Amino acid sequence: MDISHWVFVVSVLLLFLASGSFSIDSFHQPFPIVEPDPGHTKIRLSREGLEAISRINTPIAAVAVIGPYRSGKSFLLNQLLSLSCYEGFGVGHMRDTKTKGIWVWGTPLELNIDGVRTSVFYLDTEGFESVGKSNVYDDRIFALATVMSSVLIYNLPETVREADISRLSFAVELAEEFYGRVKGQDVAFEPAKLLWLIQRDFLEGKTVKEMVDEALRHVPNTGGDKNIDQVNQIRDSLAVMGDNSTAFSLPQPHLMRTKLCDLKDDDLDPMYVKKREQLKELVASIIRPKIVQGKSLNGKEFVSFLEKILEALNKGEIPSTGSLVEVFNKGIVERCLKLYNRRMGKLRLPMPEQSLQDAHDRSREEAMKAFDELHFGRRHAKSSFEQLDEDIKEVNKNIIMANEYHSARLCEALYTQCEDNMDQLQVLRLPSMAKFNAGFLQCNRSFEQECIGPSRANYEQRMVKMMGKSRSLFIKEYNQRLFNWLVTFSLIMVMVGRFIIKFILIEMAAWVLFIFLETYTRMFWSSESLYYNPVWHFIVSTWETIVYNPILDLDRWAIPIGCTVALWMLYWRCYGRRKHKSRWLLPMYNSHKSGSNRPRSD
């Protein structure tokens, strides 16, 4: 029982491996890459065909055959691929209308194009004007074939009709939008080479090129018919595209068209066989690898390219070149936006508003100039231009907000620092107007130099109010604090002169100052008039010179200096005079009692 179970598992694995190897061999068949949606108005990708393409690692080129329904497109592709109807694309009555969407032959032809090994895929498209389809669906199939192919074979039976020319409107718009930028530039994609293929036995004495040129000749429109004008515009554009198109005639292979799949080359018209080989050579001579934004595509890149194109073509009610232009300009918009961000990212915020605006204008101009040089589309690039402009405005708005934030932070820090400095100056140990003014000017200078950006004006107003308030408060208390300090200083000097150094002149000078401050000023001057008296101004000037000057800031060094002087005087009082036995030239207090040295008498 267990042995039979393992035999079954091994058999399943072998079948799986065999199916995997078969799937590789099965690429020698056609696959759908695009199929219609249930409503038969839009198109969608088929993973089956994309797998056949994505496995290719070499550059890819595509040959697409388009044309009316039942015009021999599938048979033509089989002839170009040297395949029979039974192994190649299904033909006419054999598959009826099974060729839905776009099909690809799974095994590409390998060609050496300009020294580059290139994989050439052949595409079969659903014919125009079949029953049960909308014109919009036909337009989407035609548009996708136009964009994805390197050579577009327009297969027409007998002649060129006006309706056939009208269908080329999308190809013309693509050429007008993109082809003018191809030469020597990084292009979105190179439009397909257009090959007019007329299948008929005789041309009434005209070459096929003369026949196509005649069909593209301007038609007089005396009645002002809008349809004729529209077709004439297409004719004019196709004439301008002359270097991107060519014409070729192919006779009928055999009179019995329903038997074509059963006939060998020996049974076909020799002229047809000869022209068929010439057509193969012509296609091989004009085909080039698919170039998208300056580089050739391998299989995976080609599939990604198809996904973008299909999304654009399905956008809106009808396919438009405008949607394609937006797809290819999207990357350019992002590149130009990065350029703008890179330029603006070098700025050091905060900065003045006008400087920021100038930097924005320069960076925007550089980004827009790059877009003008790189963008695709002539008439349909406006929306991409507007999108870039909107994105730049959004980024600039964020930069302005960041500048405001950094400016507010910087100015707030400077304002707070100045406010703290003003508070410290209010509580100086030794009041000094000179030191307050120096701090006031330094604070103003640092704020003027360092506070920049949009918040400057607001903080300037706050700064003026705060500084004015601090200055008024300091001046209001300055005279009273100085008066109190001088009174305290005079009393301290009285004590020093009396008890410490016992220098009578210092004590006398201190008493004079004290009596002047406490008695004379109150007797002869009012408290208000004191501050306007020349004597008081002299006292203030002397005080300011001593307390704060370029050499010494006494408020900072008062305590160290006072301690040093006190220690020196203590040392001199206790040891200095005994050791050196020096004498003062000025009168001092005599601390020795006269009776102690008097000689005793009997």
Side-chain angles (χ1 to χ4, degrees), residues 177 181 185-188 293-294 322-323 325-422 439-470:
E177 291 293 333
R181 303 183 61 85
Q185 297 190 24
D186 183 18
V187 298
Q293 292 183 328
S323 59
V325 168
E326 290 179 14
V327 168
F328 286 103
N329 281 338
K330 182 179 179 181
I332 296 173
V333 168
E334 293 175 354
R335 194 188 314 174
C336 294
L337 188 61
K338 286 182 181 178
L339 174 62
Y340 174 83
N341 280 325
R342 190 162 58 250
R343 294 291 182 268
M344 296 298 287
K346 295 179 179 179
L347 301 178
R348 297 185 62 182
L349 300 180
M351 61 188 308
E353 290 178 287
Q354 187 58 48
S355 299
L356 182 62
Q357 182 63 38
D358 293 342
H360 160 73
D361 291 340
R362 289 192 301 270
S363 301
R364 180 185 178 278
E365 182 180 359
E366 189 173 350
M368 290 303 183
K369 182 179 180 181
F371 181 81
D372 287 338
E373 293 175 352
L374 298 174
H375 81 271
F376 304 109
R378 297 179 179 178
R379 296 190 298 269
H380 295 93
K382 183 178 179 182
S383 60
S384 299
F385 180 88
E386 292 174 349
Q387 180 63 46
L388 175 59
D389 195 34
E390 286 297 321
D391 291 344
I392 288 177
K393 287 180 180 178
E394 190 65 28
V395 173
N396 184 51
K397 187 186 300 183
N398 293 334
I399 293 176
I400 290 174
M401 292 175 61
N403 191 46
E404 291 175 352
Y405 170 74
H406 288 291
S407 175
R409 283 191 60 186
L410 177 61
C411 293
E412 177 67 29
L414 292 170
Y415 175 84
T416 303
Q417 182 180 356
C418 285
E419 192 174 35
D420 293 341
N421 291 342
M422 290 299 101
F440 186 90
L441 292 175
Q442 183 182 1
C443 196
N444 262 333
R445 191 180 303 113
S446 64
F447 185 85
E448 288 289 333
Q449 293 175 352
E450 299 179 30
C451 178
I452 55 178
S455 300
R456 178 188 176 99
N458 180 37
Y459 277 90
E460 272 186 341
Q461 296 178 358
R462 292 179 58 185
M463 192 76 172
V464 169
K465 291 181 181 179
M466 185 271 291
M467 299 289 281
K469 184 178 180 181
S470 297

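Keep in mind it's a predicted model, so treat the numbers as computed, not measured.
- In plain terms, the two heavy atoms of M422 and C443 that are nearest each other are CE-CB, 4.5 Å.
- Expressed to the nearest 0.5 Å, how far CD of E366 lies from CG of L339 amounts to 4.5 Å.
- No more than 12 heavy atoms of other residues, nucleotides or ligands sit less than 6.0 Å from atom CZ of R409.
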Side chain to side chain contact (heavy atoms under 4.5 Å, CB included) assessment of S384 paired with K330: CA-CA 7 Å; S384 299; K330 182 179 179 181; over 6 Å; no

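- One distance of note links SG of C411 with NE2 of H406; it measures 13.0 Å at 0.5 Å rounding.
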Worked verdict on E365 versus D361 for side chain to side chain contact (heavy atoms under 4.5 Å, CB included): CA-CA 6 Å; E365 182 180 359; D361 291 340; over 6 Å; no

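- Here Y415 contributes atom OH and F447 contributes atom CZ; the two are 9.5 Å apart, rounded to the nearest 0.5 Å.
- In this structure, K393 and D389 have side chains that are in contact, with non-hydrogen atoms separated by less than 4.5 Å.
- Here the CZ atom belonging to R335 is positioned 9.5 Å from the NZ atom belonging to K338, to the nearest 0.5 angstrom.
- For the atom pair CG (L347) and NE2 (H360), the distance works out to 11.5 Å, reported to the nearest 0.5 Å.
- Using a cut-off of 4.0 Å between Lys/Arg side-chain N and Asp/Glu carboxylate O, D358 and R362 are scored as not salt-bridged.
- We find the CD-CE distance between E404 and M401 to be 7.5 Å, quoted to the nearest 0.5 Å.
- Considering all non-hydrogen atoms of both residues, I392 and A367 come closest at CD1-CB, 4.0 Å.
- A pairwise comparison of heavy atoms in S407 and P454 identifies OG-N, 3.6 Å as the closest pair.
- At distances below 3.5 Å, at least one donor-acceptor pair connects side-chain atoms of N403 with backbone N or O atoms of M351.
- Pairing each heavy atom of L388 with each of L337, the nearest pair is CD1-N, 4.0 Å.
- When side chains are defined from C-beta on, M344 counts as touching L356, because their heavy atoms get closer than 4.5 Å.
- For the residue pair N444 / E448, no side-chain donor-acceptor distance below 3.5 Å is found, with atom types taken as modelled.
- A cation-pi arrangement is not found for R364 relative to Y340, the charged atom failing to lie both closer than 6.0 Å to the ring centre and inside a 45° cone about the ring normal.
- Nearest heavy-atom pair, A402 versus L349, reported as atom, atom and distance to 0.1 Å: CB-CD1, 4.0 Å.
- In this model, a donor atom of one side chain and an acceptor atom of the other lie less than 3.5 Å apart for E412 and Y459.
- With hydrogens and angles ignored, the 3.5 Å screen pairs no side-chain donor or acceptor of S363 with any backbone N or O of R343.
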Verdict with reasoning, C336 to M368, per side chain to side chain contact (heavy atoms under 4.5 Å, CB included): CA-CA 7 Å; C336 294; M368 290 303 183; over 6 Å; no

